[in-house]
Amino acid sequence: MGPPGAGKGTQAEIVAERFGIPAISTGDIFRANVAENTELGIEAKRYMDAGEYVPDAVTNLMVRNRIDEEDAAKGFLLDGYPRTLDQVEELDGMIRHTGHRLDAVVVLTVDPGELGARLSARAQKEGRADDTEEVIRRRQEVYTEQTEPLIDVYRKRGLLREVDGLGEVDEVTERIMSILTQVEES
Ligand code: ADP
């Protein structure tokens, strides 16, 4: 978890690779569907371009199908999911069904000023449709309203691992790895 621009996607890929499991990024799956103009992509794009969350029913079904795939049997790292309280409950149900257990929830914390700078830099480099100033502001609001409350939910469950997201990519990776290698695997 972490606000837009915290570096979730970058770290998720590296960390998942180190553990030999897939990184499942809901944002990436949505973007791939948008690029291929699928029905899901057309539906998702309306929300993404406005900085809003895609409706839970759509997102939940997509994740449910993805974690049922064979490469996720041994485990997986979720990037950008769950993001709402409804998704937290859905995920609990899904993994009860697949027999997985949630081992840890990593939150990347980054100072808001730095986040703004990173997102503007990404907008220039990647040209993501949702990296305009107005949409960035809305995504930050939606994160605060809908996703930040999840931090307490997972803290109460004893799963939360807070990691400082400031610094070089490698430094942040090492911080995450040193925490996750101490977590008992299910
Ligand atoms: P970031 O974390 O940088 O905002 P992501 O790539 O994770 O970007 O997500 C981009 C967009 O995809 C979100 O703004 C939202 O519209 C949609 N999205 C991704 N994950 C979810 C989710 N779990 N629930 C609802 N919408 C999502």
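Note that ligands are numbered from 1 as they come in the structure, with each ligand's atoms numbered from 1 the same way.
Under the rule for a salt bridge (charged side-chain N to carboxylate O under 4.0 Å, His left out), the partners of Arg157 that lie at least two apart in sequence or sit in another chain are Asp92. Every residue two or more places apart in sequence or in another chain was checked for a salt bridge (charged side-chain N to carboxylate O under 4.0 Å, His left out) with Lys8, and none qualifies. Evaluation of the side chain to side chain donor-acceptor pair (under 3.5 Å) rule for Glu43 yields Arg46 as partners, not counting sequence neighbours.
In this structure, Arg138 contributes its side chain and Ala50 its backbone to no donor-acceptor pair below 3.5 Å.
Hydrophobic clustering (ILVMFWY, side-chain heavy atoms < 4.5 Å, transitive): Leu159 and Val63 are in one cluster.
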TODO: Could you walk me through whether Tyr53 and Thr59 pass side-chain hydrogen bond (donor to acceptor under 3.5 Å, both in side chains), step by step?
DONE: CA-CA 9 Å; Tyr53 285 166; Thr59 310; over 6 Å; no
Polar pairs, ligand 1 vs protein, N/O only, below 3.5 Å.
from	atom 1	to	atom 2	distance (Å)
ligand 1	2 (O)	Lys8	NZ	2.9
ligand 1	2 (O)	Arg83	NH2	2.8
ligand 1	3 (O)	Arg122	NH2	3.2
ligand 1	3 (O)	Arg139	NH2	3.0
ligand 1	4 (O)	Arg139	NE	3.2
ligand 1	4 (O)	Arg139	NH2	2.9
ligand 1	6 (O)	Arg31	NH1	2.9
ligand 1	6 (O)	Arg31	NH2	2.9
ligand 1	7 (O)	Arg83	NH1	3.2
ligand 1	7 (O)	Arg83	NH2	3.2
ligand 1	8 (O)	Arg128	NH2	3.3
ligand 1	16 (O)	Glu52	O	2.7
ligand 1	20 (N)	Thr26	OG1	2.7
ligand 1	20 (N)	Gly80	O	3.3
ligand 1	20 (N)	Arg83	NH1	2.7
ligand 1	23 (N)	Gly80	O	2.8
ligand 1	23 (N)	Gln87	OE1	3.0
ligand 1	24 (N)	Gln87	NE2	2.9
ligand 1	26 (N)	Val54	N	3.1

